[in-house]
Amino acid sequence: MPSYSYPAPCCPLILDFSQQQQLQAVHWQTAMSPTLPRLTGYWAQQLDAYFSGKLQTFNYPPSSAGTVFQQRVWQAIASIPYGQVATYGDIARILGSAARAVGQACGKNPLPIIIPCHRIVSANGLGGFSLSNNPFELNIKRWLLTHEGATW
């Protein structure tokens, strides 16, 4: 699976692609990878446009890699407008599920930023991010929400 690095303003990213050049996963990094080639082409343009504030919605289907439930959660997440947030409970009510299950599906999202799981927050505040309460991931979530002008 070919991988590329991208210098996002929130943190360096690694993007994994299939042999057919379909985007498969986006990973947060603490430093740019010196060994991976720099991302160019369509996805570099899309990310440049998002981070410059010119792109608000990625036209890309949620990953088919997850379970049926995860895919339903990812589709619901993808429908949250730029600059807005929903709670885990909001999505759970829409899907007839539980907030914890929604949170777990969010954490399994292989395409963060593209499928904007950062737009899902807790009823009591920020919530977790990427199945973590690690300060690194939470700072990325805060950065992305601030970048979009969202309040929570």
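Not measured: the values here are computed from a predicted model.
Put simply, the side chain of Arg38 reaches to within 4.5 Å of the side chain of Pro7, judged on heavy atoms. Counting heavy atoms from C-beta outward, Trp74 and Lys108 have side chains that approach closer than 4.5 Å. Contact annotation: the side chain of Pro12 never approaches that of Trp28 to less than 4.5 Å [non-hydrogen atoms, C-beta and beyond]. Counting only heavy atoms from C-beta outward, the side chains of Leu39 and Ser5 never approach each other to under 4.5 Å. Contact of the Ile91 side chain with the Thr87 side chain is not registered, since no non-hydrogen atoms from C-beta on lie closer than 4.5 Å.
The minimum heavy-atom distance linking Ala86 with Ile80 is given by the pair CB-CD1, 3.9 Å. Minimum interatomic distance between Ala78 and Pro116 (heavy atoms only, all atoms of both residues): CA-CD, 4.0 Å. Closest approach of Ala8 and Cys11 over heavy atoms only: CB-O, 3.1 Å. When every heavy atom of Asn109 is checked against every heavy atom of Cys117, the shortest pair comes out as ND2-SG, 3.4 Å. In plain terms, the two heavy atoms of Gly89 and Ala99 that are nearest each other are N-CB, 3.9 Å. In terms of heavy atoms, Ala76 sits closest to Ser79 at O-OG, 2.6 Å.
With sequence neighbours excluded, the residues satisfying side-chain contact (heavy atoms from CB on, under 4.5 Å) with Thr67 are Phe69, Gln70. Looking at residues two or more places apart in sequence or on another chain, you find a side-chain contact (heavy atoms from CB on, under 4.5 Å) between Gln21 and Pro2, Tyr4, Phe17. Applying the side-chain hydrogen bond (donor to acceptor under 3.5 Å, both in side chains) test to Gln29 and every residue at least two apart in sequence or in another chain returns nothing. Under the side-chain hydrogen bond (donor to acceptor under 3.5 Å, both in side chains) criterion, Ser3 pairs with Asp16, not counting sequence neighbours. Partners of Thr35 under the side-chain hydrogen bond (donor to acceptor under 3.5 Å, both in side chains) rule, at least two apart in sequence or in another chain, are Ser33.
Listed by first then second residue, pairs satisfying salt bridge (Lys or Arg N to Asp or Glu O under 4.0 Å) with a partner in residues 83-104 read Asp90-Arg93, not counting sequence neighbours.
The other members of the hydrophobic cluster of Ile14, by chain and number, are Leu36 (side-chain heavy atoms under 4.5 Å, ILVMFWY only). Hydrophobic clustering, defined by side-chain heavy atoms of Ile, Leu, Val, Met, Phe, Trp and Tyr closer than 4.5 Å, leaves Met32 isolated from every other such residue.
Annotation: the span from Gln24 atom CD to Leu111 atom CG amounts to 8.0 Å, rounded to 0.5 Å. One distance of note links OG1 of Thr151 with CD of Gln84; it measures 9.5 Å at 0.5 Å rounding. Rounded to the nearest 0.5 Å, atoms CG (Leu23) and OH (Tyr60) are 5.0 Å apart.
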Residues 51-58, side-chain donor-acceptor partners within the protein, below 3.5 Å, at least two apart:
from: Ser52; atom 1: OG; to: Asp48; atom 2: O; distance (Å): 3.1
from: Ser52; atom 1: OG; to: Ala49; atom 2: O; distance (Å): 3.1

Tell me which donor-acceptor pairs under 3.5 Å the side chains of residues 139-150 have, and how far apart each pair is, sequence neighbours excluded?
from: Asn139; atom 1: OD1; to: Arg142; atom 2: NH1; distance (Å): 3.0
from: Asn139; atom 1: ND2; to: Pro135; atom 2: O; distance (Å): 3.2
from: Lys141; atom 1: NZ; to: Ile120; atom 2: O; distance (Å): 2.6
from: Lys141; atom 1: NZ; to: Leu126; atom 2: O; distance (Å): 2.8
from: Lys141; atom 1: NZ; to: Gly128; atom 2: O; distance (Å): 2.8
from: Thr146; atom 1: OG1; to: Arg142; atom 2: O; distance (Å): 2.9
from: His147; atom 1: NE2; to: Tyr50; atom 2: O; distance (Å): 2.9
from: Glu148; atom 1: OE1; to: Gly83; atom 2: N; distance (Å): 3.1
from: Glu148; atom 1: OE1; to: Arg119; atom 2: NE; distance (Å): 2.8
from: Glu148; atom 1: OE1; to: Arg119; atom 2: NH2; distance (Å): 3.4
from: Glu148; atom 1: OE2; to: Tyr50; atom 2: OH; distance (Å): 2.7
from: Glu148; atom 1: OE2; to: His118; atom 2: NE2; distance (Å): 2.8
from: Glu148; atom 1: OE2; to: Arg119; atom 2: NE; distance (Å): 3.4
from: Glu148; atom 1: OE2; to: Arg119; atom 2: NH2; distance (Å): 3.0

